[in-house]
Number of protein chains: 2
Amino acid sequence: MATQDRLIESTQELLWERGYVGTSPKAIQQRSGVGQGSMYHHFTGKPDLAAAALRRSAEQMRAVAEADLAGPGTAHERIAAYLHRERDVLRGCRIGRMAQDPDVVADPQLRAPVEETFDWLRGRIAGLIAEGQAAGEFAAAADPADTAAALVAVVQGGYVLARAADSAEPFERAVRGALGLLAAHRAD
Amino acid sequence: MATQDRLIESTQELLWERGYVGTSPKAIQQRSGVGQGSMYHHFTGKPDLAAAALRRSAEQMRAVAEADLAGPGTAHERIAAYLHRERDVLRGCRIGRMAQDPDVVADPQLRAPVEETFDWLRGRIAGLIAEGQAAGEFAAAADPADTAAALVAVVQGGYVLARAADSAEPFERAVRGALGLLAAHRAD
DNA sequence: GTCTATACCCGGATAGAC
DNA sequence: GTCTATCCGGGTATAGAC
């Protein structure tokens, strides 16, 4: 693997595990096996490398979500597949985690991939809900964009509750609860 | 105000703004106006002081939530009041934020107040939902604990989406979306 | 109780040799 | 491209004087 890729991949992992403030250049060098000079040759510094890592994580998250959302089945089934996807719940969301870090939120280069990912995800799910409404699969009363925001929030908040409890259970409850409420909306 | 209280209060603020890793003893001393020696006289170190600050924040969060949840009105109205409470959305939740920090999650002293707060909140809301079901106000199909977890997760996840977007809008959408789904569950 | 001095390692980066 | 040396400040604390 190319040196840049090893740096980016190690940075992705560390950002996920320890956040932006908690991730040091030295730790990145150790995990990637890339030396100091080499790292600063390929990237101008920590923010630059973190931005590259976040862009890649955002791409990957999008691809993984799209795999479920574009799958077979009704809108409800595809949303349920997304929510029930197997996850390492206690690790949390590598993109959502960044939203807690003030240094990330303050830097447009770092915040952009985070913002874009959630904008896309909310829009994608809102589209599915609208589709389901058009097909008579959901009641038409709910606003698709609001409902989509709620569903995405349940996942992100589910991670918070799971980490707080040091157990995946609250995440699973939240997802079941959300799908239960959504089911009540089905037109049939 | 007593020296301890100034230290605790400043630590509460800094933990909220910058998280545990992002909060240094030096910053606490500067914000509180308390000197180095004084700080280490009253607390054994950063974890000790952070634990005291988190316990206090947990108490306060609980009191604020209880004010809405124990208010007048039906179960649905009280839950809606809690969800719609005026918030400085972009600041996020001072307790939920801690769940992202690996050093907090790894230290039982620090994680305990976080875990207890969310356990209490989920239980309190689950009780309200059960009450509403008994009164015929909600359909009996939904599991109260699951639904409560979903509602709490919507709030926590709403903060994540809002900070990602640098706007309160996604939070408000998520709350509206959740209440919209909940409304569909009303027995009438 | 509070102050100043001191310690030691880490964070984040630059410089210049190879 | 990569390595080692060097820099300066900050993080987190201890020691001992007042």
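Just so it is clear: chains get the letters A, B, ... in the order the sequence lines come, proteins before strands, and each one is counted from 1.
- For dT2(D), one of the phosphate oxygens OP1 or OP2 lies less than 4.0 angstrom from a side-chain nitrogen or oxygen of T3(A).
- With rounding to whole Å, Y40(B) atom OH is found 17 Å from dG1(C) atom C1'.
- Remark: P of dT4(C) and NE2 of H41(B) are 17 Å apart, rounded to the nearest angstrom.
- Regarding contacts with the backbone of dT2(C), a side-chain N or O of H42(B) is found under 4.0 angstrom from either OP1 or OP2.
- Across the protein-nucleic acid pair, Q36(B) atom CD and dG1(C) atom P stand 19 Å apart, rounded to whole Å.
- The nearest heavy atom of DNA chain C to G37(A) and to Y20(A) marks one nucleotide each, and the one closer to the 5' end goes with Y20(A).
- Inter-residue side-chain proximity for Q12(B) and E9(B) is flagged as met; some heavy-atom pair is nearer than 4.5 Å.
- Contact annotation: the side chain of F171(B) never approaches that of L90(B) to less than 4.5 Å [non-hydrogen atoms, C-beta and beyond].
- The separation between Q30(B) atom CD and dG10(D) atom P is 9 Å, rounded to whole Å.
- When rounded to the nearest whole Å, the span between CE of M39(A) and P of dA13(C) equals 7 Å.
- Across all non-hydrogen atoms, the minimal contact from Y159(B) to C93(B) is CE1-CB, 3.6 Å.
- If you check dA13(C), dG11(C), dA13(D) against the side chain of P47(B), the one that comes closest is dA13(D).
- Separating the NZ atom of K46(A) from the C1' atom of dG12(C) is a distance of 8 Å, rounded to the nearest angstrom.
- We find that CZ of R6(A) is positioned 14 Å from P of dG1(D), with the value rounded to whole Å.
- Taking 4.5 Å as the limit, some side-chain heavy atom of Q109(A) sits within range of a side-chain heavy atom of R55(A).
- If you take CZ of F43(A) and P of dA13(C), they are 13 Å apart, rounded to a whole angstrom.
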